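Okay, so here's the structure we're looking at.
Quick caveat: nothing in here was measured; it's all calculated off a predicted structure. Below, all heavy atoms of this structure are taken into account, side chains as well, without hydrogens, waters or symmetry copies.
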Amino acid sequence: MNLKHLGAFALAASFSLGAYAADGLTASISMDKRALGPRDDVVVQVTLTNTSSVPQYVLKWHTPFGEIEESLFDVTRDGTKVPYEGMHVKRPAPTAADYYVIQPGKSHKVTVELSQMYNMSISGDYSIRYSTKSPKLFSNVDPAGKAIDKKQPDTLQSAPLSVSIEGTLPRGTVAKAPEQPLPSAAGLSFSKCTTSQQADITTAVSTAQGMANDGDAYLGANKSGARYTKWFGSYDSGRYSTVKSHFVALKDAFATKPITVDCGCKKTYYAYVYPTQPYKIYVCKAFWSAPMSGTDSKGGTLVHEMSHFNVVAGTDDWVYGQSGAASLAISDPNKAIDNADSHEYFGENTPALQ
């Protein structure tokens with residue numbers, strides 16, 4: 001990933017698309033050229049501008065102003081969606097310190113190289129849009145703790161940008177998922193883990209497997225119980241079938257797949273994975289201080305991360321934290337069934353619901 005801050009009030013590049021406003025904050029995307037060859041990196045510039053008269057507080061991990069750890073772009077090739085292949089991170093619910101402030105009239109611009117996060121090796125006509133959405137995208141309070149007296153938007157996006165790419169593969173090539181490990185290689189292995197860490201992880205994997213098994217059994221016997229509706233919303237046969245298939249896959253993954261846990265991460269959040277690289281889970285600082293079971297636990301974290309793998313459930317991170325997940329189940333159950341924390345809290349079932 002090549003990320004380089006270019007500072008405030010940077011000039012737009014040669015090809016710039018119109019910005020879309022989000023209640024005072026606008027996003028625009030630009031490129032230096034709109035036709036790329038097989039040796040060219042796909043580099044875009046993203047600019048966020050505060051067009052209002054008050055500071056705008058936007059959630060840091062939904063901006064490109066740092067290491068990109070979630071999908072922040074919608075990319076299509078000849079009208080077909082190009083999947084995100086970068087990191088998915090489990091974090092605690094955001095606090096005031098997690099918001100980036102853009103002062104009135106100021107712009108912040110960053111250059112992002114997209115090729116490591118999206119497969120652009122196939123020739124075609126691509127559309128790229130900076131696009132992010134979260135119920136917590138903008139802060140409801142300022143850094144002093146004073147409430148912001150207005151309803152905050154949950155979406156920030158740019159207009160789409162079109163680019164023609166002559167890739168290393170011919171137009172029409174079907175992108176293939178990476179080869180998956182064979183089930184016969186089932187087992188647990190470790191990377192950069194101490195002896196005591198390996199013991200904790202072994203217990204955590206067993207705990208996660210128990211959560212997956214319990215969730216699968218519950219879904220086999222209940223269709224509209226409080227436990228289901230709390231985290232996934234009102235009963236709908238299609239959504240229910242999706243969640244049921246996710247827990248069948250989670251149960252199978254913990255029981256039969258070759259899981260590797262890497263303990264080398266020094267970040268403050270819980271863990272992360274790459275969705276196209278099963279079944280390797282990177283655990284970070286918050287993981288070690290979490291309880292073994294219960295809310296935001298070690299076992300639950302592994303359920304969360306396992307659900308991100310495309311070959312398991314392919315979940316996203318729409319919201320973090322129990323409060324956000326419970327609200328999402330009410331406001332947008334279609335996103336709740338795609339939210340990794342919702343799967344974790346359903347599996348953890350703390351406090352217990354029937």
Side-chain angles (χ1 to χ4, degrees), residues 1 15 17-18 20 22 27-31 34-36 38 40-46 61-64 68-89 112-134 137 154-180 238-239 241-243 245-246 249 272-278 305 307-319 328 332-340 342-343:
M1 238 177 292
F15 296 95
L17 270 286
Y20 283 179
S28 62
I29 187 171
S30 60
M31 296 183 74
R34 303 286 282 278
L36 302 177
D40 291 324
D41 291 332
V42 183
V43 177
V44 299
Q45 295 88 36
V46 179
W61 56 76
H62 284 277
T63 76
I68 294 179
E69 297 165 335
E70 295 294 341
S71 178
L72 298 180
F73 297 85
D74 287 337
V75 180
T76 63
R77 179 184 61 253
D78 297 329
T80 301
K81 183 176 178 62
V82 178
Y84 170 70
E85 298 180 354
M87 298 168 68
H88 276 303
V89 172
V112 183
E113 197 281 305
L114 294 178
S115 306
Q116 293 187 30
M117 294 175 280
Y118 302 88
N119 181 0
M120 297 183 177
S121 63
I122 300 173
S123 299
D125 294 324
Y126 285 76
S127 174
I128 303 169
R129 179 201 297 270
Y130 168 74
S131 180
T132 188
K133 183 172 184 177
S134 170
L137 182 59
D154 63 1
T155 302
L156 181 62
Q157 63 180 12
S158 72
L161 180 152
S162 298
V163 57
S164 176
I165 298 178
E166 186 68 31
T168 56
L169 297 173
R171 184 188 294 266
T173 300
V174 177
K176 295 181 179 180
E179 292 186 8
Q180 306 305 325
R239 291 196 297 264
S241 295
T242 296
V243 176
S245 69
H246 288 177
Y272 68 91
V273 298
Y274 294 93
T276 60
Q277 298 177 22
E305 296 303 337
S307 77
H308 277 316
F309 293 124
N310 292 342
V311 295
V312 179
T315 60
D316 211 327
D317 289 310
W318 294 101
V319 297
L328 189 66
D332 197 338
N334 287 325
K335 285 189 172 62
I337 67 170
D338 185 47
N339 188 53
S342 303
H343 289 70

Please check: side-chain N/O of D317 versus main-chain N/O of A340, any donor-acceptor pairing under 3.5 Å?
no

In the structure I gave you, are the side-chain heavy atoms of S127 and P160 within less than 4.5 Å of one another anywhere?
yes

Salt bridge (Lys or Arg N to Asp or Glu O under 4.0 Å) partners of D40, counting only residues at least two apart:
K33

Would you say the side chains of D316 and H308 form a donor-acceptor pair under 3.5 Å?
no

Could you report the tightest heavy-atom contact between L36 and D41, atom names first, then the distance?
CD1-O, 4.0 Å

Could you give the distance from OG1 (T155) to NZ (K133), rounded to the nearest 0.5 Å?
4.5 Å

CE of M120 to OG of S115: how many Å apart, nearest 0.5 Å?
6.0 Å

Under 4.5 Å between any side-chain heavy atoms of I128 and V42, yes or no?
yes

R129 and V75: CA distance, side-chain angles, deciding distance, side-chain contact (heavy atoms from CB on, under 4.5 Å) verdict
CA-CA 7 Å; R129 179 201 297 270; V75 180; over 6 Å; no

Heavy-atom check, side chain of M117 versus side chain of L72, under 4.5 Å:
no

Calculate, to the nearest 0.5 Å, the distance between atoms CG and CD belonging to N310 and Q277 respectively.
10.5 Å

Contact check, side chains of I165 and R77, non-hydrogen atoms, under 4.5 Å
no

Side chain to side chain contact (heavy atoms under 4.5 Å, CB included) involving S241 - partner list, sequence neighbours excluded:
none

Considering only heavy atoms from C-beta outward, does the side chain of V82 approach that of T76 to under 4.5 Å?
no

Flag side-chain contact, heavy atom, 4.5 Å: S162 against R34
yes

Given the rule in the side-chain contact (heavy atoms from CB on, under 4.5 Å) test, do L161 and M31 qualify, once you have shown the distances and angles that lead to the verdict?
CA-CA 8 Å; L161 180 152; M31 296 183 74; 3.2 Å; yes

I29 and F73: CA distance, side-chain angles, deciding distance, side-chain contact (heavy atoms from CB on, under 4.5 Å) verdict:
CA-CA 10 Å; I29 187 171; F73 297 85; 4.2 Å; yes

Shortest non-hydrogen separation from A27 to Y130 and the atoms involved
CB-CD2, 3.7 Å

Could you go through N339 and V319, starting from their C-alpha distance and side-chain angles, then the distance that decides it, and tell me whether this counts as side-chain contact (heavy atoms from CB on, under 4.5 Å)?
CA-CA 7 Å; N339 188 53; V319 297; 3.5 Å; yes

Closest approach of H343 to A336 (non-hydrogen atoms, all atoms of both residues):
CE1-O, 4.3 Å

Hey, is the main chain of L169 close enough, under 3.5 Å, to the side chain of S123 for a donor-acceptor pair?
yes

Which residues pass the salt bridge (Lys or Arg N to Asp or Glu O under 4.0 Å) test with D332, sequence neighbours left out?
K335

So, T80 versus D78: side-chain donor-acceptor pair below 3.5 Å or not?
no

Nearest non-hydrogen partners of G314 and D338, listed with the distance:
O-OD1, 3.5 Å

Is there a side-chain contact between S342 and W318 (heavy atoms, below 4.5 Å)?
no

Say whether, by atom type as modelled, one donor and one acceptor occur between the side chain of S307 and the main chain of A313 under 3.5 angstrom.
no

Which pair of heavy atoms, one from Y118 and one from S71, lies closest together, and at what distance?
OH-OG, 3.1 Å

Are the side chains of Q157 and T132 in contact, using a 4.5 Å heavy-atom criterion?
no

Check the side chains of S30 and Q45 for a donor-acceptor pair under 3.5 angstrom, ignoring hydrogens and angles.
yes

When H88 is tested against each of E70, E305, E69 for side-chain hydrogen bond (donor to acceptor under 3.5 Å, both in side chains), which residue passes?
E70

For E85 and T276, the nearest pair of non-hydrogen atoms, with its separation, is CG-CG2, 3.7 Å

